[in-house]
Q: 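Once you've had a glance at the structure underneath, I'll fire off some questions.
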Amino acid sequence: MLHGREAERAVIDRLLTGARAGRSGAVVVRGEAGIGKSALLRYAENAADEMRILRGVGVETEVGLAFAGLHLLLGSFADRISALPPLQAEALRGVFGLTEARPAERFMVGLATLSLLSELAEDRPLLCVIDDAHWLDQASADALLFASRRLDAEGIVMILGARDGVPFAAPGLPDLRLGGLSRTAGAALLAEHPTGLAPHVRDQILDEAQGNPLALLELPGALTAAQRAGELPVEAFRLGAQQLSGRLEEQFAQRLRALPERSRLLVLIAAAEESGALDVVLDAGKLLGVSLDDLEPVEIDGLIGFVDGRLTFRHPLVRSAAYREATVTRRLAVHRALAEVSGARGDQDRRTWHLSAAAIGPDEGLAADLERIAEQASARGGHAAVAAAYQRAAQLTPDTERRAERLARAAEAAADAGQTQVAAALDEQIVASTGRPDVLARLAKMRITLAQEQEHGAQAVELAEVAARIAGQAPGEAAFLFLNAIVSAWSPGDVPAITGLAARTAAGSRDPLLASATGAIAQLADGVTAPLLDLMNSIGDDPDRGPRERLILHSWLSWMADAEAAHDEALAIVRECRAVGAIGALPKALLYVGRAQWLLGRFRDVEVTASEGLRIAQDTERTHYGRHLAGLLACVAAIQGDEARCKELTGDILRHGITESGTEALDARDLLDLSLGRHEEVLRWSVRDVSSGLFAMNRTYSHLAAHVEAAVRAGRPELAAEPSASLTAWARATGQPWVSAVALRCQALLAEGEAAERLFARAVQLSGSSTVPFEQARTELLYGEWLRRGRRRAEARPHLRIALETFLRLGATPWAERASTELRATGETPQAREQAPDLLAQLTAQELQVVRLAAAGMSNRDIAGQMFLSPRTVSHHLYKAYPKLGVASRHELARMDLR
């Protein structure tokens, strides 16, 4: 019987009921050691009537074995993998060692896990319970957490149990925290296990246990019969301020100390041997002089049990107590014995890990074996295991340069595993200890990616210095790094230092690519951009550059403000990400697509793109890009006049001021406030807090333009001079007509008389030839307003009509109302327009994306592979979309205009 857990049982019951109705859900059950997490998981299993049940468990000693936990959970269903989309099937076969597939990104393995779970739930709802999830290997944890965050309509419940005090981050999943039992429930649990406790001893145990069920069951066992009967004082288990988990571990340690020495040694062998296989433990014990007979005292005491041919500890704290209590000499001897047994059984990986645990100094042979393990784990995509193996290999490597190379590979793997702090710490160790160009270039590119994800620029001068160091041996990589050094330098204004270093490097090199890079950088500093495009093409044509490096180059294309080229290139990168399963790079790629769609006036597509990107950013913990994408969605809400939605999306982002990832959120607030005439709200954000130099203009131009307009409208034109000058400089550098039109209209707002009219007329002329309709409509509106205020109503009307028609077409409701008001002020009444119901507006962004792909003839499985969903979720979205659109089949969808 589960005492005192009525509220927790209700949570589990709701999840199970939802799964039976086709809904999915997940929860992480958290609490201190012994608080009853495993008991609650068993309750879930018992309550899961007519559901398929999968059981998994994390094993502390298997945390370094990539995908060990996932294989334990799903390995027996390998025959179902063929039903998955091809990329997912390939990823899962690779991590299970069924094929020699190329390494899969960790998020692709997570998606494959979701799809396989969905496949298993086809026949009946599925309950998946993972106990001791904090001991899962990182690769398995990543896969299961990714799958859990994307559960939707599969009829799956995922419950993970995790202990306090051991890191197990599960962002995006709800926690179910277990506290101590009430005194009444604790007393009932004690009464279920009669141990002859005197009343006052029982009360003391209830006080000491603090409602912890394991403590309630274990603490009486620490007492003598006389103490239980109340004939002697009970002091043995009072350990002052020590945490309860520490008290329980100490109780287990005391019981271990009371065992015969040979029995303690056998327990230590079992604690160090991850599989729990009795024959392995006994073979190692034979080498150290212990036998099966020595297991009996441990089994009688209840510290170790024997289930299905495996030794099982009563509680993980018994394992940790056994290992902690042992001397270093004895631990080393145990690992050597286990290494010998593993080798004799042909398990070379475990042999190597045990030998590395027993090593006390450099050993190149052992380091090479660990490197081999890392390469095997890399082939399966187990980045955390790769990092651990390379890092330990480096520690055992005697040669300095070889050690640096292995540490570099460990750092890269840690970054790929999302362990950014580990990667950064390793990076610092390496840079000072090696001059190898391949190592330095690899680390520099990793540093760029980490810096972007942590909302700060990479160290510009440092990148340039690395580029200069490797220029002689790797000029192509040097050119790439110089380019990125300029990106980072533009923010703090350290361009001269970079250009000087680039020029000195070029002077000592004959490589044409490096010469073109340094030449383009020098001219870029003077505002000349043409050589930059040639350089980008030269660097970008390298077939070895993957999506992440192409995205770094794309930032320059965005800066050039060529909306159509930026859109096409970003879309190509998105297609590549989908084709190769690079889910981690998708949020950034989708952000670039969304920015281009915004400029092109495709606001419905912005909503679809940004919604998908935001969802993937949340699932992959790319919070930096998630804020950018949420800001894009807020921009759409702002132009639609949805103030509540806009503020909901931007509130947390702007609460602590402006950061690089908050630029779109600020744009959204500006657009909302400007359309509603709240000019002082726009002006409360300082331009200096937002603009970070010419390179950042592609992200901040909208704010600067809004700032100019708001300052003029508020009667404070002196605040508009600086942002207007910045826009003019950017327009000169890019040469794009639409940017020039924005800059000219801002100048016109600050001018008077004929000068203002000339500037407005030129701005309208340029914007009419651009592909940025929202900015064109704003220019027409401002010119029309200027003419109307000058009592030139007839001249104002054509401009105001164009603005109104464009705003209506774009769905920019408050802007259309502003244009309509101005048009009425000229004496013209805008004609009311009857619009047909917009069926697509009834769809969610994800439903619209699904129906577009379905209309293109893709199957549910293909759509799932494209959108990184489970096929059942795709089916669910179609089921909801069909009645909204008034169709019943894919054939009818294909005849609809879904643009």
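Counting begins at 1 with the first residue of the sequence.
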Q: Can His703 and Asp667 be counted as having a side-chain donor-acceptor contact under 3.5 angstrom?
A: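 No - no donor-acceptor pair under 3.5 Å links their side chains.
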Q: Distance only, no hydrogens: is a donor on one side chain within 3.5 Å (strictly under) of an acceptor on the other, for Glu612 and Gln846?
A: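 On atom types as modelled, these side chains do not qualify, holding no pair under 3.5 Å.
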Q: Check whether the side chains of Ser661 and Arg627 place a donor and an acceptor atom closer than 3.5 Å, and report yes or no.
A: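 On atom types as modelled, these side chains qualify, holding a pair under 3.5 Å.
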Q: Between the side chains of Glu680 and Arg716, is the shortest nitrogen-to-carboxylate-oxygen separation below 4.0 Å, so that they form an ion pair?
A: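 Result for this pair is yes, salt bridge flagged.
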Q: Report the residues that fulfil salt bridge (charged side-chain N to carboxylate O under 4.0 Å, His left out) with Asp568, sequence neighbours left out, ordered by chain and then residue number.
A: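 Result, salt bridge (charged side-chain N to carboxylate O under 4.0 Å, His left out) vs Asp568: none returned.
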Q: Is there a side-chain contact between Trp598 and Ile639 (heavy atoms, below 4.5 Å)?
A: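 SC-SC contact between Trp598 and Ile639 confirmed.
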Q: For residues Val574 and Tyr592, determine if any side-chain heavy atom of one lies less than 4.5 Å from a side-chain heavy atom of the other.
A: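 No, every pair of side-chain atoms sits at 4.5 Å or beyond.
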Q: Measure from the side-chain N and O atoms of Thr609 to the backbone N and O of Val606, and report whether any donor-acceptor pair falls under 3.5 Å.
A: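 Judged by distance alone, no pair lies under 3.5 Å.
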Q: Where do Ala668 and Ala638 come nearest, in terms of heavy atoms and distance?
A: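 Shortest heavy-atom contact: O-CB, 3.3 Å.
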Q: What distance do Arg655 atom CZ and Thr650 atom OG1 have between them, rounded to the nearest 0.5 Å?
A: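 Between atom CZ of Arg655 and atom OG1 of Thr650 there are 9.5 Å.
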Q: Could you pull out the closest heavy-atom pair between Ala743 and Ala731, with the gap in Å?
A: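 That would be CB-CB, 4.0 Å.
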Q: Of Glu785, Glu757, Glu775, which is the lone residue that meets salt bridge (charged side-chain N to carboxylate O under 4.0 Å, His left out) with Arg745?
A: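 Answer after filtering Glu785, Glu757, Glu775: Glu775.
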Q: Show the atom names and distances, to 0.1 Å, of all donor-acceptor pairs under 3.5 Å that link a side chain in residues 759-766 to residues at least two apart or in another chain.
A:
{"from": "Arg762", "atom 1": "NH1", "to": "Gln765", "atom 2": "OE1", "distance (Å)": "2.9"}

Q: Just by modelled atom types, is the Ala565 backbone N or O under 3.5 Å from a matching donor or acceptor in the Glu569 side chain?
A: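 No; judged by distance alone, with no hydrogens or angles, the pair does not exist.
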Q: Tell me which pairs pass side-chain hydrogen bond (donor to acceptor under 3.5 Å, both in side chains) where either residue lies in residues 746-755, with sequence neighbours left out.
A: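 Counting only pairs at least two positions apart or across chains, the side-chain hydrogen bond (donor to acceptor under 3.5 Å, both in side chains) contacts touching residues 746-755 are Thr728-Gln747.
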Q: Would you compute the distance between atom CD1 of Ile863 and atom CG of Leu869 and round it to the nearest 0.5 angstrom?
A: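 It is 9.5 Å, given to the nearest 0.5 Å.
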Q: Might you confirm whether atom CZ of Arg793 has over 12 heavy atoms from other residues, nucleotides or ligands at distances under 6.0 Å?
A: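 For Arg793, atom CZ is not crowded (no more than 12 foreign heavy atoms under 6.0 Å).
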Q: With salt bridge (charged side-chain N to carboxylate O under 4.0 Å, His left out) as the test, would you mind laying out the steps for Arg678 and Glu681 before giving the verdict?
A: CA-CA 6 Å; Arg678 300 191 296 228; Glu681 281 296 302; over 6 Å; no
Q: If you define the side chain from C-beta out and look only at heavy atoms, does anything of Arg578 sit under 4.5 Å from Leu586?
A: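 Touching, per the 4.5 Å side-chain cut-off.
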Q: First locate atom CZ of Phe603, then atom CG of Leu632, and finally report the distance between them rounded to the nearest 0.5 Å.
A: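 Between Phe603 CZ and Leu632 CG, I get 10.5 Å after rounding to 0.5 Å.
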Q: Got a sec, which residues hit ring-ring contact (aromatic ring centres under 6.0 Å, His included) with His799, two or more places apart in sequence or on another chain?
A: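 Testing His799 for ring-ring contact (aromatic ring centres under 6.0 Å, His included), a comparison that skips the adjacent residues, returns Tyr783.
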Q: Kindly indicate, with the supporting measurements, whether the criterion salt bridge (charged side-chain N to carboxylate O under 4.0 Å, His left out) is fulfilled by Arg645 and Glu607.
A: CA-CA 13 Å; Arg645 170 81 169 146; Glu607 198 162 8; 5.5 Å; no
Q: For residues Gln618 and Leu614, determine if any side-chain heavy atom of one lies less than 4.5 Å from a side-chain heavy atom of the other.
A: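 Yes; the side chains approach each other to less than 4.5 Å.
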Q: Report yes if some heavy atom in the side chain of Leu800 is under 4.5 Å from a heavy atom in the side chain of Glu828; otherwise report no.
A: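 Not in contact.
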Q: Under 4.5 Å between any side-chain heavy atoms of Thr873 and Arg150, yes or no?
A: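 Heavy-atom side-chain distance check fails, nothing below 4.5 Å.
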Q: Enter the distance from Gln597:CD to Leu590:CG here, rounded to the nearest 0.5 Å.
A: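 The CD atom of Gln597 sits 9.0 Å away from the CG atom of Leu590.
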Q: Please test Glu664 against His628 for side-chain hydrogen bond (donor to acceptor under 3.5 Å, both in side chains), starting from the C-alpha separation and ending with a verdict.
A: CA-CA 6 Å; Glu664 288 87 358; His628 277 297; 2.5 Å; yes
Q: Among all residues two or more places apart in sequence or in another chain, which pass the side-chain hydrogen bond (donor to acceptor under 3.5 Å, both in side chains) test with Glu817?
A: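 side-chain hydrogen bond (donor to acceptor under 3.5 Å, both in side chains) list for Glu817, sorted by chain: empty.
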Q: In terms of side-chain geometry, is the basic nitrogen of Arg852 or Asp605 positioned less than 4.0 Å from the acidic oxygen of its partner?
A: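 Yes.
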Q: Start with the C-alpha distance between Thr806 and Glu780, add both sets of side-chain angles, then the distance that settles side-chain hydrogen bond (donor to acceptor under 3.5 Å, both in side chains), and finish with yes or no.
A: CA-CA 10 Å; Thr806 304; Glu780 296 278 4; over 6 Å; no
Q: Would you confirm whether the ring centroid of Trp738 sits within less than 6.0 angstrom of the ring centroid of Tyr701?
A: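 Close enough - the centres of the two rings lie under 6.0 Å apart.
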Q: Before accepting this row, confirm whether a basic side-chain N of the pair Arg818/Glu709 lies closer than 4.0 Å to the acidic partner's carboxylate O.
A: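 Salt bridge between Arg818 and Glu709, a charged N being under 4.0 Å from a carboxylate O: yes.
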Q: With sequence neighbours left out, what residues match Ser820 under side-chain contact (heavy atoms from CB on, under 4.5 Å)?
A: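 Scan of Ser820 (side-chain contact (heavy atoms from CB on, under 4.5 Å), adjacent residues dropped) gives Leu804, Arg824, Pro830.
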Q: Quick one: pull up OG1 in Thr826 and CD in Glu795 and give me the separation to the nearest 0.5 Å.
A: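 Spacing of OG1 (Thr826) from CD (Glu795) equals 12.0 Å.
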Q: Do Glu805 and Arg809 touch side chain to side chain, with heavy atoms closer than 4.5 Å?
A: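 Result no, sub-4.5 Å side-chain heavy-atom pair not found.
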Q: Would you compute the distance between atom CG of Leu781 and atom CZ of Phe807 and round it to the nearest 0.5 angstrom?
A: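 These two atoms lie 5.0 Å from each other.
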Q: If every non-hydrogen atom of Lys588 is compared with every non-hydrogen atom of Tyr625, which pair is closest and at what distance?
A: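 For Lys588 versus Tyr625, the nearest heavy atoms are CD-OH, 3.4 Å.
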Q: Are the side chains of Glu847 and Lys884 in contact, using a 4.5 Å heavy-atom criterion?
A: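 Side chain of Lys884 against side chain of Glu847, heavy atoms only: contact under 4.5 Å found.
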